[in-house]
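The structure appears below as structure tokens.
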Amino acid sequence: MSLNSDLSNLFANLAAIMDIRGENPFKSVSFSKISRLLADLPFDIKTAFDKGELEDIEGIGEHSRKIITEYITTGHSSDYDEAITSIPPGLLEVIKIPGTGPKTAALLWKQRGITSIEDLVKAIDEGKLEGLKGIGEKKIEQIKSGIAMRSQAAQRMGIVHALEIGQSLLERLRKVPGVKQAEIAGSLRRWKETVGDVDLICCVEPKKDPAEISAAFVKFPEVEKIQGQGKTKASVITAGGLQVDLRMVPIESFGAALMYFTGSKDHNVRLRGLAQDKGYTLNEWGLYDVKVYDRAKKKTAEAPDVAPLAGKSENEVYHKLGLAYIEPEIRENRGEIEAAAAKKLPHLVTLADIHGDLHSHTTASDGHNTIEEMAEAAKALGYTMLAITDHSKSQAIANGLTAARLLKHVEQIHKVGAKIKGITLLAGCEVDILIDGRLDFEDDVLKELDWIVASPHVSLRQASDVATIRLLRAIDNRYVNVIGHPTGRLINKREGLPLDFAKIFKAAAASGTALEINAGYPRLDLNDVNAHAAIDAGCMLSINTDAHSTGEFDSMILGISVARRAWAEKKNIINCMTAKQLVEWAAKKRG
DNA sequence: GCCGTTTTCGGCCCGACTGTTTTCAGTCG
């Protein structure tokens with residue numbers, strides 16, 4: 001899928017170049033949208049091109065279609081080649097400096113001949129920025145610290161770490177006198193796998209001055225640097241380099257502000273357009289009748305002095321717009337607004353729907369707890385089933401089991417299962433999918449097991465066609481119930497196998513093989529977009545923690561969040577079956 | 001540049017904060 005990301009980058013750069021050149025901003029917005037669209041596309045853009053379906057993709061118009069077509073057929077784009085030579089390419093890095101945008105970059109270039117970050121550093125050192133219109137002492141300081149912070153901010157933070165920081169700040173915020181209600185918003189509330197910053201929102205008791213809350217917030221011990229601090233907003237950088245934004249609103253605006261700050265951007269833009277169509281206007285203060293709103297007195301950082309149609313709760317705002325309430329996880333403008341209007345939103349799966357974990361390890365291979373300990377811990381979580389799936393022999397580094405050890409282990413699992421009441425233990429194995437798609441054990445061993453997860457662990461840089469055939473072979477095996485972490489990707493570390501997902505999904509759906517959403521961070525594999533496409537293709541999914549200790553069962557919530565972002569309902573997830581149903585489901589494939 | 005059941009032209013979401021300014025441009029979310 002690197003073609004998608006190559007093109008996504010190309011359009012992002014085109015947009016940035018247009019901004020620097022000062023062209024019509026709506027044009028660059030269009031290209032930015034296409035860039036995001038391509039990054040999240042659940043299929044290879046070349047597939048759409050081959051089928052002549054580029055025209056069906058909303059947001060991609062005639063000009064962009066030409067660019068994409070040329071890039072696919074020739075490997076380059078003449079529009080892009082022309083654009084990139086029209087500005088010094090180093091400016092694309094300059095605009096990534098926080099606080100420095102396209103206008104400033106253009107000014108630096110045209111007035112001082114600065115074409116790269118190195119030039120900029122040198123110019124600052126030599127005092128060459130003096131006398132530039134709009135660039136004062138403070139702005140220069142801002143640029144300097146922006147350059148220093150740039151590398152830290154370059155990588156988005158993983159959800160696990162961000163949640164930790166966000167929750168600790170939230171708890172602290174809730175204890176500040178005058179704070180009536182506080183919530184996490186932003187991409188963290190939408191449970192995106194990585195976040196660029198953390199957004200907090202709170203409403204303030206009527207008599208309290210929000211500036212006092214903001215002043216308390218910037219003094220929290222986690223705060224290393226204050227970016228900005230106003231009457232309704234404060235922005236800080238924590239010790240780990242994570243940006244945290246706080247927004248304060250009166251209670252009447254809490255829902256509208258929570259909505260606005262939760263995003264996503266594309267979701268908000270759609271909502272505001274919808275409001276417009278109805279003669280309303282929507283902002284973080286509330287939903288207003290546009291005629292009333294235009295007459296209102298408005299001061300920066302204060303609610304308008306007219307009553308909103310809605311604003312206290314998100315529910316209220318959605319309903320007033322003619323929509324059902326939309327869960328934060330699916331607010332991505334991927335069809336949820338249309339579904340909400342038609343009252344056809346999915347009933348998203350919840351943690352309470354999960355009856356068991358179907359991929360876990362014990363001390364028999366590389367886990368830290370015994371069969372008994374894992375079973376008791378699963379039972380304590382309210383699970384009624386657990387699959388024990390230790391590694392197969394190729395995973396020598398993980399103390400993988402030989403066939404003989406495995407068969408003894410199976411016996412042991414059954415023995416423990418008979419002893420512990422209230423939970424069904426499935427004796428299984430996480431079998432390696434070898435590089436050519438053969439499995440690490442022959443069928444005569446596999447047939448002795450209750451449950452088989454087959455996973456790729458090595459050779460994760462194969463070409464797409466080779467990798468796809470490899471997984472298709474595993475799916476084809478009658479004993480394989482689940483394909484574990486299908487791509488092998490690691491967030492921020494490893495891309496994973498470039499599979500032809502359409503083929504994989506088709507085969508998995510037809511054969512009755514579930515695909516895993518591995519809930520362990522940094523796997524979260526399948527990701528939200530691919531899991532969504534899998535459901536559309538009729539696949540069953542399995543959400544598993546791959547726990548190597550009893551504590552790791554807790555990461556199920558992360559897997560649930562991926563499934564929810566993928567629009568998954570109970571009926572799409574095999575972990576929501578009872579143990580009896582699950583065994584029958586597996587038996588069907590064995591035939 | 002993209003889009004369209006009022007439209008093939010004319011609109012495109014909306015506001016806070018900062019810095020450098022006396023009324024606003026730039027950046028960000």
Side-chain angles (χ1 to χ4, degrees), chain A residues 11 14-15 18-20 22-35 37 55 57-68 79 83 94-108 129 131-143 146 153 185-187 195-201 210-211 214 226-235 243-249 253 256-257 259-277 280-288 290 293-294 298-304 321 333:
Chain A
F11 278 100
L14 270 178
M18 295 168 95
D19 287 338
I20 293 170
E23 289 175 28
N24 181 351
F26 293 109
K27 292 188 186 180
S28 91
V29 165
S30 288
F31 280 158
S32 298
K33 274 190 195 163
I34 293 170
S35 170
L37 186 153
E55 285 191 36
I57 304 175
E58 209 185 305
I60 300 183
E62 200 187 333
H63 187 181
S64 298
R65 213 155 43 229
K66 266 193 193 158
I67 295 177
I68 293 170
D79 278 28
V94 172
I95 60 170
K96 286 182 191 157
I97 301 168
T100 307
K103 304 280 183 188
T104 311
L107 183 78
L108 293 170
L129 296 195
L132 271 181
K133 189 170 157 49
I135 309 279
E137 214 173 299
K138 283 191 178 170
K139 188 77 198 175
I140 292 174
E141 275 311 307
Q142 200 186 52
I143 294 173
S187 47
V195 303
D197 65 6
V198 169
D199 298 300
L200 297 173
I201 174 139
S214 158
I226 302 169
Q227 294 269 89
Q229 187 186 351
K231 271 165 77 179
T232 70
K233 256 174 93 166
S235 179
Q243 179 169 331
V244 183
D245 297 329
L246 170 67
R247 185 68 193 262
M248 291 153 291
V249 292
S253 298
M259 234 169 138
Y260 158 71
F261 240 42
T262 297
S264 66
K265 188 183 172 73
D266 290 337
H267 181 84
N268 283 351
V269 169
R270 285 292 310 279
L271 289 184
R272 289 177 185 204
L274 208 60
Q276 248 180 356
D277 295 345
Y280 304 151
T281 183
L282 175 63
N283 57 40
E284 54 264 55
W285 300 103
L287 180 70
Y288 299 87
V290 73
Y293 188 76
D294 285 344
K298 283 161 292 232
K299 276 201 255 172
T300 293
E302 277 183 36
L321 289 172
N333 190 28

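Not measured: the values here are computed from a predicted model. So that the names make sense, note that chain A is the first sequence line, chain B the second, and so on, each numbered from 1.
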- Would you call the rings of A:F31 and A:H63 parallel, tilted or perpendicular if under 30° counts as parallel and over 60° as perpendicular? perpendicular
- Query: With both distances under 3.5 angstrom, what nucleotide forms a Watson-Crick or G-U wobble pair with B:dT8?
  - Reply: none
- If only side-chain N and O atoms of A:Q227 are considered, is one of them under 4.0 Å from the OP1 or OP2 phosphate oxygen of B:dC17? no
- Identify which nucleotide among B:dG19, B:dC14, B:dG29 has an atom closest to any side-chain atom of A:T281, counting heavy atoms from C-beta outward. B:dC14
- Taking syn as any angle within 90 degrees of 0 and anti as the rest, which one fits B:dT20? anti
- Task: Check the side chains of A:S235 and A:Q243 for a donor-acceptor pair under 3.5 angstrom, ignoring hydrogens and angles.
- Result: yes
- Item | Side-chain heavy-atom pair A:K33, A:V29 within 4.5 angstrom cut-off | yes
- Any N or O donor-acceptor pair linking the side chain of A:N24 to the base of B:dG1 at under 3.5 Å? yes
- Note on the structure: Rounded to whole Å, CG of A:D199 lies from C1' of B:dC28 at a distance of 11 Å
- Query: Tell me: CD1 of A:I97 to C1' of B:dG26, nearest whole Å?
  - Reply: 15 Å
- Message: Of the listed nucleotides (B:dG1, B:dT27, B:dG15), which one gets closest to any side-chain atom of A:E284?
- Response: B:dG15
- Message: When the P atoms of B:dT27 and B:dT20 are compared, how many Å lie between them, rounded to an integer?
- Response: 13 Å
- Note on the structure: From NZ of A:K133 across to C1' of B:dT21 the rounded distance in Å is 8 Å
- Measure distances between side-chain N and O atoms of A:Y260 and base N and O atoms of B:dG15, and say whether any donor-acceptor pair falls under 3.5 Å. no
- Provide the distance between the two C1' atoms, one in B:dG1 and one in B:dT8, to the nearest whole Å. 14 Å
- Of A:K103 and A:G136, the one whose closest nucleotide on DNA chain B sits nearer the 5' end is A:G136
- Message: Side-chain N or O of A:K27 versus OP1/OP2 of B:dG1: is the shortest distance under 4.0 Å?
- Response: yes
- Hey, does the side chain of A:N268 come within less than 4.0 Å of B:dC13's phosphate (OP1/OP2), counting only N and O? no
- Query: Between B:dC13 and B:dG4, how far is it from one P atom to the other, in whole Å?
  - Reply: 14 Å
- Message: What's A:T104 touching, base or sugar-phosphate or nothing? Going by heavy atoms closer than 4.0 Å.
- Response: sugar-phosphate
- Query: Looking at A:W285, does any N or O in its side chain come under 4.0 Å of the phosphate oxygens OP1/OP2 on B:dC14?
  - Reply: no
- Specify the separation, in whole Å, of atom CG of A:L271 and atom C1' of B:dC13. 10 Å
- Task: Could you work out the separation of B:dT23 and B:dT18 based on their C1' atoms and round it to a whole Å?
- Result: 15 Å
- Describe the nucleic acid contact of A:L282 in one word from base, sugar-phosphate, nothing, applying a heavy-atom distance below 4.0 Å. sugar-phosphate
- Query: If every non-hydrogen atom of A:L321 is compared with every non-hydrogen atom of A:Y280, which pair is closest and at what distance?
  - Reply: CD2-CD1, 4.2 Å
- Query: Is A:E23 atom CD crowded by more than 12 heavy atoms from other residues, nucleotides or ligands, each under 6.0 Å away?
  - Reply: yes
- Expressed as a whole number of Å, how far does the C1' atom of B:dC9 sit from that of B:dA16? 33 Å
- Message: So, OP1 or OP2 of B:dG29: does either fall under 4.0 Å of a side-chain N or O from A:Q243?
- Response: yes
- Task: Write down the distance between NZ (A:K298) and P (B:dG15), rounded to a whole number of angstrom.
- Result: 7 Å
- Query: Think A:S64 has a side-chain N or O under 4.0 angstrom from the OP1 or OP2 of B:dC2?
  - Reply: yes
- Message: Under 4.0 Å, heavy atoms only, any strand: does A:G186 hit a base, just the sugar-phosphate, or nothing?
- Response: nothing
- Give one of base, sugar-phosphate or nothing for A:F26, where a contact means two heavy atoms less than 4.0 Å apart. base
- Rounded to the nearest Å, what distance is computed from the CG atom of residue A:D197 to the P atom of nucleotide B:dC28? 12 Å
- Task: Identify the two heavy atoms, one from A:A15 and one from A:S32, that lie closest to each other, and give their separation to 0.1 Å.
- Result: CB-OG, 3.4 Å
- Which nucleotide in the list B:dA16, B:dG1, B:dT20 gets nearest to the side chain of A:K138? B:dT20
- Task: Compare the minimum distances between each of B:dA16, B:dC2, B:dT20 and the side chain of A:T300, then state the nucleotide with the smallest one.
- Result: B:dA16
- Query: To the side chain of A:A301, which of B:dC17, B:dG29, B:dC13 is closest?
  - Reply: B:dC17
- Task: Return the minimal non-hydrogen interatomic distance between A:K298 and A:P304, and the atom names on each side.
- Result: CG-CB, 4.0 Å
- So which one's nearest nucleotide on DNA chain B is more toward 5', A:K139 or A:F31? A:F31
- Task: Measure the shortest side-chain to side-chain distance between A:N268 and A:Y260 over non-hydrogen atoms and say whether it is less than 4.5 angstrom.
- Result: yes
- Message: Output the rounded distance in Å from NZ (A:K96) to P (B:dG26).
- Response: 22 Å
- Query: In whole angstroms, how far is the P atom of B:dG29 from the CZ atom of A:R272?
  - Reply: 15 Å
- N/O (side chain, A:S30) to phosphate O (OP1/OP2, B:dC12) under 4.0 Å: no
- Using the C1' atoms only, state how far B:dT7 lies from B:dC12, rounded to an integer number of Å. 14 Å
- Message: For a quick check of understanding: with a heavy-atom distance under 4.0 Å over all strands, which category does A:R270 fall into, base, sugar-phosphate or nothing?
- Response: nothing
- Determine the Euclidean distance between corresponding P atoms of B:dG26 and B:dT21; express it in Å to zero decimal places. 13 Å
